[in-house]
Trainee: 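Following this message is one structure expressed as structure tokens.
None of these values were measured; they are calculated from a predicted model.
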Amino acid sequence: MWAPDKPTAPTSKMDSRYTSTAGLGDLNQLSAAIPATRVEVSVSCRNLLDRDTFSKSDPICVLYVQGVGNKEWREFGRTEVIDNTLNPDFVRKFILDYFFEERENLRFDLYDVDSKSPNLSKHDFLGQVFCTLGEIVGSQGSRLEKSIIGIPGKKCGTIILTAEELNCCRDAVLMQFCANKLDKKDLFGKSDPFLVFYRSNEDGSHDFIGEFTTSYRELSRGQSQFNIYEVINPKKKGKKKKYTNSGTVTLISFLVKTEVSFLDYIKGGTQINFTVAIDFTASNGNPTQPTSLHYMNPYQLNAYGMALKAVGEIVQDYDSDKMFPALGFGAKLPPDGRISHEFALNGNPQNPYCDGIEGVMEAYYRSLKSVQLYGPTNFAPVINHVARYASSVKDGSQYFVLLIVTDGVISDMAQTKESIVNASKLPMSIIIVGVGPAEFDAMVELDGDDVRVSSRGKYAERDIVQFVPFRDYIDRSGNHILSMARLAKDVLAEIPEQFLSYMRTRGIKPSPAPPPYTPPTHVLHTQI
């Protein structure tokens, strides 16, 4: 899944051939999917512990990654050792594959190197930091500062992690050509020419007029005398001594447009706002009974809890304040028993925000004890709730993701379709997770993969709904961690492209990223 950077200088203290790395099979039990992109993570530290008697520590940073299913930590790679400093700026960087839809847990361990031994237990432990790759790229300017922990009673300093997207070629080229005096190929009229681009060893059909060869470098010169090409028909040239050409083709314009990526927007400060909506209809069953989909098992999350945690733990990395609105629908509320399809799980309609995913989970469990499950199953109110916020922020600074977890058939299908069509014009995506044994034909229709959702003759501007049935992700071995990871991967995989489709259609460019962190120049460093 990931590959460490290659050493760029001679080794010192510990031999780099002992550095271990983790392979794809060890780390990712989900799939061998193509990553969205690759990022380069740089490591700096400040105010490390001083473990040497007559000089400062000689630090090294070791990166570990966590397997998805077994949660085993495996060493991914090591930086070089930097001699005699408590404020290292490591040169060697870690290159990691980035998937928005996966939670990639990282651990950075720091040691004071005292010998050439590759065995880390032979060196002094300076502390460690746990984070996710999403945390790093989702921080302002993709720069994350965290306190180093791991030694009780000691201040271990700070780590600075910076992510930089590795740009492959993202240039899209728009070219315009014109042709002059081409050979006539039709019996009773002029030719109807078109231009076909071929790579080497490719053949075409149709009536052949002629050909010319060029290169990207030549075309990039734009309109000039260098980009007027004679169209040559080799057969004619071989037969006719006076043959000149079969016409000419002239490049009129050459425009290079660089495609921006999802991470360009995130680095520029765009926030992903995550909202949860939970189905509290009576068809879920009595929450005090083990047969209920809302059953509060003291030893294991129910299906609702698993869906919330799986999706929320990934999306929360892209929201700076980690405060999430959590809504419920289809319940009778105390004290008067009124039916609501848009109520705050924390009981505060003026401020429905919960602190992190754990706060959402707590509010969900509290609501189960206070509200009466009822019905019907209406989606439109919660979709419109998020749409109201999304409609007020159209400058690209925020994007809204609504997660609806439900067990049943939609009661307000027509209104829901209308809400989705309206929301498709907004910076917004909707994830629906269906739990329980019900048939979810209506959800598949809302997903819109085969036929775009429509309402009153109007089609959704873009596909913004992703539906998955939770039962498809129950691991037969009982590995709920792996089930949650697979669920999150499938429901979140479309979000970056849905996000980009909105930004492109609105012509919204990423905001400039903050100036990159430039470490002060100091201390001599060597590689391992």
Side-chain angles (χ1 to χ4, degrees), residues 275-313 324-348 352 354 357-379 381-382 402-412 416 431-444 467-488 491:
T275 301
V276 169
I278 297 176
D279 184 337
F280 282 82
T281 56
S283 56
N284 284 280
N286 188 335
T288 63
Q289 301 298 317
T291 54
S292 172
L293 293 168
H294 281 306
Y295 178 57
M296 291 183 283
N297 187 328
Y299 306 107
Q300 181 181 311
L301 292 173
N302 60 30
Y304 279 87
M306 289 177 68
L308 288 175
K309 198 171 178 66
V311 178
E313 284 189 341
F324 307 115
L327 309 172
F329 58 92
K332 282 187 174 182
L333 306 186
D336 55 0
R338 68 179 178 87
I339 300 170
S340 176
H341 299 289
E342 181 193 345
F343 64 91
L345 293 189
N346 65 2
N348 185 350
C354 300
I357 296 307
E358 292 306 318
V360 173
M361 301 290 286
E362 290 172 12
Y364 161 57
Y365 288 127
R366 281 200 306 271
S367 290
L368 284 175
K369 296 175 182 177
S370 63
V371 305
Q372 179 188 346
L373 273 60
Y374 202 70
T377 307
N378 291 351
F379 280 12
V382 293
L402 169 62
L403 169 64
I404 301 175
V405 191
T406 183
D407 83 311
V409 178
I410 302 174
S411 305
D412 65 337
T416 294
I431 298 165
I432 304 172
V433 177
V435 297
E439 291 299 322
F440 294 111
D441 294 345
M443 311 297 181
V444 174
F467 164 74
V468 297
F470 184 82
R471 58 176 173 260
D472 289 357
Y473 298 87
I474 301 300
D475 192 89
R476 292 179 181 177
S477 67
N479 188 333
H480 295 298
I481 293 173
L482 198 54
S483 298
M484 291 162 67
R486 287 178 177 141
L487 172 70
V491 298

Trainee: Going by the side chain to side chain contact (heavy atoms under 4.5 Å, CB included) test, name the single residue among Ile410, Asn378, Ile404, Val382 that passes it with Thr416.
Mentor: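 That would be Ile410; it is the only one of Ile410, Asn378, Ile404, Val382 passing the side chain to side chain contact (heavy atoms under 4.5 Å, CB included) with Thr416.
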Trainee: Starting at CG of Asn346, measure out to CG of Asn348 and round the result to the nearest 0.5 Å.
Mentor: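 Rounded to the nearest 0.5 Å, the CG-CG separation comes out at 5.5 Å.
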Trainee: Any side-chain heavy atom of Ile278 within less than 4.5 Å of one from Leu345?
Mentor: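 A side-chain contact under 4.5 Å exists here.
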Trainee: What's the shortest heavy-atom distance between Phe329 and Thr377, and which atoms?
Mentor: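 Smallest interatomic distance, heavy atoms only, reads CE1-CG2, 4.0 Å.
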Trainee: Report yes if the side chains of Asp412 and Pro376 come closer than 4.5 Å at any heavy-atom pair, otherwise no.
Mentor: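 A side-chain contact under 4.5 Å is absent here.
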Trainee: Kindly write out the residues that satisfy salt bridge (charged side-chain N to carboxylate O under 4.0 Å, His left out) with Glu358, not counting sequence neighbours, or none if the list is empty.
Mentor: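 So Glu358 forms a salt bridge (charged side-chain N to carboxylate O under 4.0 Å, His left out) with Lys309.
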Trainee: Closest approach of Leu301 and Met361, non-hydrogen atoms and distance?
Mentor: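 Looks like CD2-CE, 3.5 Å.
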Trainee: Are Asn302 and Leu293 close enough, and set up right, to give a side-chain contact (heavy atoms from CB on, under 4.5 Å), and what steps lead you there?
Mentor: CA-CA 7 Å; Asn302 60 30; Leu293 293 168; over 6 Å; no
Trainee: Pair Val433, Tyr304 - check side-chain contact (heavy atoms from CB on, under 4.5 Å), show working.
Mentor: CA-CA 9 Å; Val433 177; Tyr304 279 87; over 6 Å; no
Trainee: I'd like to know whether OH of Tyr365 has more than 12 heavy-atom contacts from other residues, nucleotides or ligands below 6.0 angstrom.
Mentor: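 Atom OH in Tyr365 is packed in, count exceeds 12.
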Trainee: Tell me, do Leu308 and Val276 make a side-chain contact under 4.5 Å, heavy atoms counted?
Mentor: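 The answer is yes, as the side chains (C-beta and beyond) meet within the 4.5 Å cut-off.
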Trainee: The test is side-chain contact (heavy atoms from CB on, under 4.5 Å); show your working for Ile431 and Leu402 and say whether it passes.
Mentor: CA-CA 6 Å; Ile431 298 165; Leu402 169 62; over 6 Å; no
Trainee: Can you tell if the side chain of His341 reaches within under 4.5 Å of the side chain of Ile339, non-hydrogen atoms only?
Mentor: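 The answer is yes, as the side chains (C-beta and beyond) meet within the 4.5 Å cut-off.
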Trainee: Under the side chain to side chain contact (heavy atoms under 4.5 Å, CB included) test, which residues partner Glu362, sequence neighbours left out?
Mentor: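 Once residues adjacent in sequence are excluded, the partners of Glu362 under the side chain to side chain contact (heavy atoms under 4.5 Å, CB included) criterion are Arg366.
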Trainee: Which residues pass the side chain to side chain contact (heavy atoms under 4.5 Å, CB included) test with Asp472, sequence neighbours left out?
Mentor: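 For Asp472 the side chain to side chain contact (heavy atoms under 4.5 Å, CB included) partners, ignoring immediate neighbours, are Pro469.
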Trainee: Please report the closest heavy-atom contact between Glu313 and Ile357, naming both atoms and the distance.
Mentor: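 So the minimum-distance heavy-atom pair works out to N-CG1, 3.9 Å.
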Trainee: Quick one: are Val468 and Leu487 in side-chain contact, heavy atoms under 4.5 Å?
Mentor: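 Yes, side chains in contact.
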Trainee: Going by the side chain to side chain donor-acceptor pair (under 3.5 Å) test, which pairs reach into residues 290-299, not counting sequence neighbours?
Mentor: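 Only His294-Tyr364 qualify under side chain to side chain donor-acceptor pair (under 3.5 Å).
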Trainee: Can you name the residues that form a side chain to side chain contact (heavy atoms under 4.5 Å, CB included) with Ala331, not counting sequence neighbours?
Mentor: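 Residues passing side chain to side chain contact (heavy atoms under 4.5 Å, CB included) with Ala331: Phe280, Leu333, Phe343, Val371.
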Trainee: Taking the side chain from Arg471 and the backbone from Gly434, do they hold a donor-acceptor pair closer than 3.5 Å?
Mentor: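 Between the backbone of Gly434 and the side chain of Arg471 there is no qualifying donor-acceptor contact (under 3.5 Å).
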Trainee: Indicate yes or no: at least one non-hydrogen side-chain atom of Leu373 is less than 4.5 angstrom from one of Thr281.
Mentor: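 When only atoms from C-beta onward are counted, Thr281 and Leu373 do not touch, as no gap falls below 4.5 Å.
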Trainee: Report yes if some heavy atom in the side chain of Met306 is under 4.5 Å from a heavy atom in the side chain of Phe470; otherwise report no.
Mentor: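 Side-chain contact under 4.5 Å: yes.
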Trainee: Suppose we screen for side chain to side chain contact (heavy atoms under 4.5 Å, CB included). Which residues come up paired with Val409, at least two apart in sequence or across chains?
Mentor: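 Partners of Val409 by the side chain to side chain contact (heavy atoms under 4.5 Å, CB included) criterion come out as none, since no residue qualifies.
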Trainee: Side chains of Phe324 and Thr275: does their closest heavy-atom pair fall under 4.5 Å?
Mentor: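 Heavy-atom side-chain distance check fails, nothing below 4.5 Å.
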Trainee: So, for Ala326 and Val360, which heavy atoms are closest and what is the spacing to 0.1 Å?
Mentor: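 Scanning both residues, the minimum pair turns out to be CB-CG1, 4.1 Å.
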Trainee: Please find the pair of heavy atoms, one from Gly359 and one from Cys354, that lie closest to each other, and give the distance.
Mentor: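 The pair with the smallest heavy-atom distance is C-CB, 3.6 Å.
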